[in-house]
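Only this structure's heavy atoms are used, side chains among them; waters, hydrogens and symmetry mates stay out. Note that the coordinates shown come from a computational prediction; the quantities given were computed from them, not determined experimentally. Order of appearance sets the numbers: ligands from 1, and atoms from 1 within every ligand.
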Amino acid sequence: MKFKLLLFFLFVTSICLAEDGYDLWLRYKPIEDTALKSQYKELLHKYVANESSPTMAAAVQELKCALNGLLDYQITTESKPSGKTLLMGTPENSKYIASMKLDKDLQKIGNEGFIIISQKGNTVITANTDVGVLYGTFHFLQLVQMHQPIERLHIVSSPKVKLRVLNHWDNLDRTVERGYAGFSLWDWHKLPDYIDPKYIDYARANASIGINGTVLTNVNANALILTDTYIQKVKALADAFRPYGLKVYLTARFSAPIEIGGLKTADPLNEEVKQWWKDKVDEIYKAIPDFGGFLVKANSEGQPGPQNYGRTHADGANMMADAVSPHGGVVMWRAFVYSNEEPDDRAKQAYNEFKPLDGKFRENVIIQVKNGAIDFQPREPFHPLFGAMPKTPLMMEFQITQEYLGQGTHLAYLAEMYKECLDADTYAQGKGSTVAKVIDGSLDNHQLTGMAGVSNIGTDRNWTGQIFGQANWYCFGRLAWDHQLTSEAIVEEWIRMTFSNEPQTVKTIKNVMLGSREAVVNYMTPLGLHHMMGWGHHYGPGPWVANKHRADWTSVYYHKADKEGIGFDRTASGSNAVSQYFPEVAKQFSSLDECPEKYLLWFHHLPWTYTMKSGRSLWDELCYKYQAGVDSVGQMQEQWNSLQGKVDEERFDQVKSFLQIQKNEAEWWRNACLLYFQTFSGKPIPDDIPKADHTLEYYEELSFPYAPGH
Ligand code: GCV
């Protein structure tokens with residue numbers, strides 16, 4: 001009996017301690033340090049705010065909810081500040097703030113920035129707009145969650161780019177292309193009448209990291225989203241998100257005038273087509289006055305576009321831009337274009353197509369460019385279009401969902417990858433012309449700027465399927481706000497808010513996360529290899545993928561392994577893709593001495609016997625890189641296991657299981673790739689690398705018809 005009671009007690013305790021990840025980094029768990037708690041309480045027991053707008057009301061609501069959790073205390077409202085008061089508002093909605101002479105700071109922060117300042121014993125969160133106050137409130141709460149001092153604050157912060165948007169690749173049937181966290185959040189069937197409370201939490205989470213836009217639908221677009229029925233559903237979402245400063249955007253299917261408009265053509269220069277888009281856009285703005293605009297994938301991977309009518313991308317983008325322009329909308333036009341009919345290297349095609357169009361787009365068009373020239377591989381050199389179109393605003397497209405980085409289970413902290421690209425030097429205007437400066441508009445003086453992240457969010461209770469996926473949503477938002485933040489600083493914030501402030505726990509989780517992306521690169525595509533995943537679903541290794549209807553979707557197109565060696569020659573002796581970079585970069589990538597080894601096989605085809613900087617042959621180095629990836633996961637496991645009892649059981653167990661999956665799959669990648677490449681190199685796999693459990697044929701025959709996200 002006693003034993004049963006004990007079991008029951010343990011069960012109840014573990015339920016109480018369980019955390020399912022739903023609260024993300026907004027957990028607001030009680031501060032246990034009583035001294036710290038009383039310091040906070042002293043400064044945070046009353047507030048003054050004008051709550052008349054939905055956004056101000058949301059800011060106050062967040063504050064109350066957070067302090068209730070963190071300090072176990074209900075902050076109360078006052079009519080005027082009287083010292084040790086938290087004052088929230090704008091000079092417009094608060095006469096106290098208007099009298100504070102904050103003009104100098106306020107002039108620096110634009111429409112979305114915020115100021116947090118300690119003044120006359122009060123703490124003031126202010127901005128030029130209500131949404132700025134909301135962002136400031138979240139930032140302030142972040143400080144408290146991270147147990148930071150708040151007595152003497154003077155923080156002035158504003159976003160470096162204007163459009164900070166998530167791209168949901170969500171289909172209307174609720175499947176999500178490359179989504180590994182369940183189905184689409186948008187329950188179209190129940191909209192517009194049912195607003196799932198999750199939508200509000202989604203908006204809160206985005207606001208907390210400064211994301212201000214969401215493209216609701218897949219870039220492989222369905223024209224139905226532009227019909228009246230769906231516009232009403234989109235309106236319901238827009239209304240729910242508005243208080244949190246989150247605008248909605250839609251993907252526009254280029255052939256919509258034919259599919260839902262009854263026209264015979266979608267030619268962008270046809271007057272009827274132009275009128276159709278204008279009318280459609282007017283209809284959307286009537287329902288959603290702050291609609292953000294369109295995201296368009298055209299003439300890429302089978303999507304229709306202006307080239308179907310012999311027109312250019314500029315013709316197509318400008319036609320849509322003219323329709324949204326009177327309403328202040330924008331068109332985000334993707335540069336992810338390539339065709340298997342085009343004989344040139346796929347890595348060169350977007351540049352070839354878009355560079356000549358520089359300066360030919362309307363002012364409200366921004367070209368959305370993936371970080372690399374192929375497709376969100378674990379590692380790619382930066383896209384040569386960055387810096388190459390000075391007369392056109394370019395925005396970044398990162399992938400948050402881990403299509404090529406272990407999908408639903410592998411732990412890969414992506415700020416490392418995002419920073420690698422943002423910090424890369426294009427040399428467009430000499431040294432220091434980083435990709436970040438291209439996209440924040442400072443290099444070429446553009447006002448329209450942006451960063452998009454392909455979302456990893458779905459219906460799973462913890463939003464992203466795996467807990468560490470949340471970190472990638474988080475770091476995307478933080479970097480879109482401020483690309484100068486370091487990956488380490490961001491990870492520390494996330495860990496402290498998501499797990500714990502306990503120093504050893506923070507340090508251990510940081511160690512697990514910071515090397516994780518490199519681990520994935522090593523066990524999947526080391527030394528500049530790329531596009532070696534399984535056919536279609538992109539899950540698992542498939543270096544043998546060949547002889548398909550599109551050569552540019554096979555792996556052999558990219559690694560070009562043969563008896564002599566391996567790698568894609570993109571120097572002047574090969575496809576000459578290097579020539580698309582500015583001369584300093586082209587020279588570096590072309591030279592075997594200067595090309596960083598992490599990009600070696602991206603740019604060079606080299607003999608298996610080629611001597612690497614380590615003194616090893618290329619073949620041996622490749623083998624050891626794969627093994628290093630596997631070993632890193634082993635170390636991540638050890639570190640994680642040391643956290644048992646320090647992290648709540650539910651999340652601890654999930655991560656532990658997923659790391660085991662990651663370890664098994666890292667070994668699978670190593671075994672499959674090395675056995676396959678060995679058929680060309682003819683060389684032995686070094687003895688200190690564990691033998692593969694299966695034959696190459698076994699790995700080649702594995703099939704995953706129901707892999708999620710496909
Ligand atoms: C939305 C890759 C993905 C596709 C995706 C495409 C894109 O090819 O595998 O699923 O389609 O990129 O970015 O448009």
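Distances below 4.0 Å separate heavy atoms of Glu177 from the following atoms of ligand 1: 1 (C), 4 (C), 5 (C), 10 (O), 11 (O). Listed by number with element, the atoms of ligand 1 under 4.0 angstrom from any heavy atom of His538 are 9 (O). Listed by number with element, the atoms of ligand 1 under 4.0 Å from a non-hydrogen atom of Lys297 are 1 (C), 6 (C), 7 (C), 11 (O), 14 (O). Applying the 4.0 Å criterion to heavy atoms of Val219 picks out, from ligand 1, the atoms 1 (C), 14 (O). Of all atoms in ligand 1, listed by their number and element, those nearer than 4.0 Å to a heavy atom of Asn218 are 1 (C).
Checking side-chain atoms of Asp170 against main-chain N and O of Val176 turns up no donor-acceptor pair under 3.5 Å. Checked by atom type and distance alone, the side chain of Lys370 never pairs as donor or acceptor with a backbone atom of Arg334 at under 3.5 Å.
Donor-acceptor pairing under 3.5 Å is lacking for the side chains of Gln377 and Tyr558. For Glu380 and His530, the side-chain atoms include no donor-acceptor pair closer than 3.5 Å.
Nearest protein heavy-atom contact of atom 6 (C) of ligand 1 is Glu301 OE1, 3.2 Å. Ranking the protein heavy atoms by distance from atom 2 (C) of ligand 1 puts Asp375 OD2, 2.8 Å first.
Considering backbone and side-chain atoms alike, Tyr338 places every N or O at 3.5 Å or more from each N or O of ligand 1. For a threshold of 3.5 Å applied to N or O pairs, the pair formed by Glu403 and ligand 1 contains at least one separation below that value. In terms of N/O distances under 3.5 Å, ligand 1 is not approached by Glu397. Considering backbone and side-chain atoms alike, Trp169 places every N or O at 3.5 Å or more from each N or O of ligand 1.
Annotation: Lys625, atom NZ; neighbour count of heavy atoms from other residues, nucleotides and ligands within 6.0 Å does not exceed 12.
A cation-pi contact, defined as under 6.0 Å to the ring centre and within 45° of the axis, links Arg570 to Trp602. Judged by a 6.0 Å distance limit and a 45° cone about the ring axis, Lys560 is positioned over the six-membered ring of Tyr557.
Heavy atoms of Trp553 found under 4.0 angstrom from ligand 1: none, in either backbone or side chain.
Closest to atom 12 (O) of ligand 1 by heavy atom, among Lys370, Arg178, His710, Arg334, is Lys370.
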Test log, rule side-chain hydrogen bond (donor to acceptor under 3.5 Å, both in side chains), inputs Glu177 and Asn220: CA-CA 9 Å; Glu177 180 147 351; Asn220 291 335; 3.1 Å; yes

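Ring orientation note: the planes of His168 and Trp186 are nearly perpendicular, at an angle over 60° on the 30°/60° scale.
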